[in-house]
Amino acid sequence: MKTYDVRSDTVTRPGPGMRKAMAEAEVGDDVYGEDPTVNKLQDMASELTGTEASLFVSSGSMGNLIPISLQCGKGNEFLIEAHGHSVQHELAGVAALAGSLPIMVAAPKGILSPALLEPWIQPDIYYCAHTRLVVLENSHNAAGGTVYPPAALKEIRAFTRKRNLSVHIDGARLFNAAAASRTDAKTICASADSVTFCLSKGLGAPVGAMLCGRKELIAEARRVRKMLGGGMRQAGIIAAAGIVALDKMIDRIREDHDNAARLAKGIARIDGLSIDLARVQTNIVYFDITAKGRGGEEFAQQLGARGIRVLSVAPARLRAVTHYGITADDIDQAISTLTDVMRMDRQPVPPQS
Ligand SMILES: *Cc1c(COP(=O)(O)O)cnc(C)c1O
């Protein structure tokens, strides 16, 4: 039985091309800035994002923590959508390590706007902390992989300039966002002071994320990375996979979106499941079980027993994320398995005696 793991796009494993590049990577000591492969990866990231400089960090979490620490800092506030990854799924690192206070702003489909942000900016009064930073998540994971329209980003940028706030984009899935909003990474990044994107999600590398921004910011980020224990020596071995990811994987990301849309439409047709199709804009598919009598955990187990691994995220809510290695045929197979498993749920209840 072929099994499909669509719990996340982090489950992708490096293929032969990536492994070969890793094995053959030229390396040096990256803490001295002397690993040519890491340097090449950083240059590629800067080129793709249109930024002055980039830093290879061990994870997306570190790639968010460092710029929040530098651009918000201790005792100051930053604004973030209430379901944002940095406040929900990164261990309160912004409080524990950056010493920053997140102000959580709920936004429809996770997409913030000047009108939503404005009321939360602290006035200049002696008993209020300073608001320093806005964090935007693009695509927004918990909201369903939703994306900022390019015009909305520009509006926020104009607004934050006026209010003297920095902008960090948590672009763990930056290239998904770019593909879905019909723009490029550069255009998205032009609306931010710093951007983080993951190599280890849809791009398929085994480890790592890139933090990109102005030269001075990245120079400071290098210091904080070292403080956090993230200075890695012959990191070219893993950076080599990142180079292959940037070379080969960006253009195919649309396939994942097509497959997610295909899955979502299939789910919409299954009795007992419900889905908000308007939120399925990239490679993430959240859906709910509306039929009585079975929870998400149990449904996930039943699917797992039939070779499809999905993530149970709430009592009656599941998540599937499409990625490299999942084909349109796999999606059709998954839809028919979901249909079968839901039918099992609808056995007529025997009459009570
Ligand atoms: C996965 C993810 C991160 C963190 O990445 P890790 O590499 O798992 O630390 C940050 N932001 C978003 C939106 C994510 O989906």
Side-chain angles (χ1 to χ4, degrees), residues 5-14 41 45 54-69 78 80-94 96-98 102 104 107 109-112 133-148 153 167-181 185 188-189 192 194-212 221 224-225 228-230 232 235 238-239 241-242 245 253 256-257 260 279 281-286 311 313 319-323:
D5 191 346
V6 287
R7 287 171 301 165
S8 178
D9 47 8
T10 56
V11 302
T12 49
R13 292 173 196 172
L41 173 64
S54 295
L55 187 69
F56 184 42
V57 291
S58 56
S59 67
S61 298
M62 188 184 275
N64 286 330
L65 177 61
I66 293 174
I68 290 171
S69 169
F78 69 95
I80 184 168
E81 204 284 320
H83 305 91
H85 198 278
S86 295
V87 285
Q88 299 292 356
H89 298 119
E90 294 170 20
L91 284 302
V94 296
L97 300 168
M104 290 149 74
K109 298 202 184 96
I111 303 302
L112 291 163
L133 171 72
V134 173
V135 174
L136 307 174
E137 191 169 316
N138 196 21
S139 65
H140 193 303
N141 182 341
T146 49
V147 301
Y148 278 84
L153 282 177
V167 175
H168 171 66
I169 293 182
D170 175 358
R173 296 183 180 82
L174 176 66
F175 296 98
N176 297 85
S181 54
I188 292 175
C189 298
S194 59
V195 178
T196 293
F197 69 85
C198 288
L199 297 164
S200 61
K201 291 190 170 160
L203 298 180
V207 193
M210 304 306 298
L211 170 61
C212 314
V224 180
R225 182 186 71 173
L228 293 170
M232 296 181 284
I238 46 178
I253 249 169
D256 297 340
H257 297 185
R279 285 179 187 250
Q281 301 172 7
T282 53
N283 66 331
I284 301 179
V285 179
Y286 284 93
L311 197 68
V313 294
R319 187 183 81 168
V321 185
T322 54
H323 53 74

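Remember, it's 1-based here, ligands and their atoms both numbered in the order they're listed.
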Check your understanding: Out of L211, T196, V57, which residue meets the side chain to side chain contact (heavy atoms under 4.5 Å, CB included) rule with M62?
Key -> V57
Practice item. Kindly tell me which protein residues have any non-hydrogen atom under 4.0 angstrom away from an atom of ligand 1, grouped by chain and ordered by number? Key: S59, G60, S61, N64, H85, E90, E137, N141, D170, A172, R173, C198, K201
Review point. Any sub-3.5 Å donor-acceptor pair from Y148's side-chain atoms to A177's backbone N or O?
Key: no
**Study point:** Donor on one side chain, acceptor on other, N64 and S86, under 3.5 Å
**Key:** yes
Point to revise | Short side-chain donor-acceptor distance under 3.5 Å, H168 and S194 | key: yes
Check your understanding: Between the side chain of E137 and the main-chain N/O of H85, is any donor-acceptor distance below 3.5 Å?
Key -> yes
Exercise for review: Could you give me the CA-CA distance, side-chain angles and deciding distance for N283 and D9, then say whether side-chain hydrogen bond (donor to acceptor under 3.5 Å, both in side chains) is met?
Suggested key: CA-CA 8 Å; N283 66 331; D9 47 8; 2.9 Å; yes
